[in-house]
Amino acid sequence: MRARRSLRPAYALTLAAAAGGVLCACGGGGGGSGASPTPTRTTAPLPPATSPPTSSQPSSAPTASTPPGTPGAAGGGSGRCRTDGLKVRISTAGPAAGQRFAFLTLTNTSGSACRVRGYVGMLLLTASDHPIPTNLERLSPPGPQTIVLRPGGSAYARLQWTIVPGAREPAHGACAPTPGLAWITPPDERAHLVVAWNQGVVCGGGHVSTTPLRPGPAPG
């Protein structure tokens, strides 16, 4: 997928006026307790501000990598994964009653190992490149972990959203414009990747929840 390093001016103004904020692709993560995930919400559909540098994390932060010889394994001195060294894929993970799920996978296409940690940023758009309000909710626990990607290695997150219209959405017909594209911003990056969205409509005011990135290819 292609990486875009800046917003077109017209869209930047449109998104700023509509949202008044920044959609964060964050390397850190929220806390929480209990058996069920505790959401941490970001509500503004703009490409991301950066989170504190990875070096600010405690030295005891967990590092995940796959065994040598499989995608994901690399040495501990790797730098951060950059947008232009990644590709993104979104695959269907199966429906539930009124809910839809998908896996978002980032793959290292560079020639060297790199590290990624945290949550992606996301903005949905129509097929003609017009932004759709997107309310991304970060789920925790489990919290973020540092993942080392060797060339060809992958990390994934699970996305979830509803197809049931919200209280302020039409009860009949489409609850919102159907997305055709998604802008995905890797953790701690400003430039985004563009990927086709073939998952259908997102109701509930564009609400999508995401887990932090996890090591390895997506299940299935």
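Distance alone, capped at 3.5 Å, is enough to place a donor-acceptor pair between the Thr134 side chain and the Leu124 backbone. In this structure a side-chain-to-backbone donor-acceptor pair under 3.5 Å is missing from Arg115 to Val148. Using a distance-only test at 3.5 Å, with no hydrogens or angles considered, a donor-acceptor pair links the side chain of Asn108 to the main chain of Leu149. The main-chain N or O of Arg158 is found under 3.5 Å from a side-chain atom of Thr211 such that the two form a donor-acceptor pair. For Glu169 (side chain) and Ala176 (main-chain N/O), no donor-acceptor pair under 3.5 Å exists by modelled atom type.
For the atom pair Thr92 OG1 and Phe103 CZ, the distance stands at 10.5 Å (nearest 0.5 Å). Rounding to the nearest 0.5 angstrom, the gap separating the CH2 atom in Trp183 from the CE atom in Met122 is 13.5 Å. Between atom CG of residue Leu136 and atom OG1 of residue Thr185 there is a gap of 10.0 Å, rounded to the nearest 0.5 Å. Taking CG from Leu86 and CG from Leu106, the interatomic distance works out to 5.5 Å, rounded to the nearest 0.5 Å. Taken from CZ in Arg150 to OG in Ser112, the straight-line distance is 12.0 Å, to the nearest 0.5 Å. Interatomic distance, Arg190 CZ to Arg82 CZ, rounded to the nearest 0.5 Å: 11.5 Å.
Using a 4.5 Å heavy-atom threshold, the side chains of Pro217 and Tyr156 count as separate. Contact annotation: the side chain of Leu159 never approaches that of Ser209 to less than 4.5 Å [non-hydrogen atoms, C-beta and beyond]. Inter-residue side-chain proximity for Leu104 and Val120 is flagged as met; some heavy-atom pair is nearer than 4.5 Å. Counting heavy atoms from C-beta on, the side chains of Gln199 and Arg100 never come closer than 4.5 Å. Leu181 places none of its side-chain heavy atoms less than 4.5 Å from the side chain of Trp197. The side-chain heavy atoms of Leu213 and Ile147, taken from C-beta on, include a pair separated by under 4.5 Å. Counting only heavy atoms from C-beta outward, the side chains of Pro179 and Leu125 never approach each other to under 4.5 Å. Between Gln145 and Pro215 the shortest side-chain heavy-atom distance falls below 4.5 Å.
Shortest non-hydrogen contact noted between Ser140 and Tyr119 is CB-OH, 3.5 Å. Listed here is the closest heavy atom pair of Pro170 and Cys175: CD-O, 3.8 Å. Contact between Ala155 and Val116 at its shortest, heavy atoms only, is CB-CG1, 4.3 Å. Across every non-hydrogen atom of Pro144 and Gly118, the tightest pair is CB-CA, 3.7 Å. Counting all heavy atoms, side chain and backbone alike, Val201 lies closest to Ile163 at O-CG2, 3.9 Å. What you find for Pro186 and Thr83 is that their closest heavy atoms are CD-OG1, 3.6 Å.
The closest side-chain donor-acceptor pair between Arg117 and Thr146 falls under 3.5 angstrom. With hydrogens and angles left out, the side-chain atoms of Glu137 and Thr210 include no donor and acceptor closer than 3.5 Å. With no hydrogens or angles considered, no side-chain donor-acceptor pair links Thr105 and Ser154 at under 3.5 Å.
By the rule that hydrophobic residues join a cluster once side-chain heavy atoms approach within less than 4.5 Å of another member, Phe101 and Ile90 end up as members of separate clusters.
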Practice problem: Let me see the working for Asn135 and Val208 under side-chain contact (heavy atoms from CB on, under 4.5 Å), right down to the final yes or no. | Solution: CA-CA 6 Å; Asn135 177 9; Val208 180; over 6 Å; no
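In the hydrophobic clustering, Val164 connects to no other residue, as no ILVMFWY side-chain heavy atoms lie under 4.5 Å from its own.
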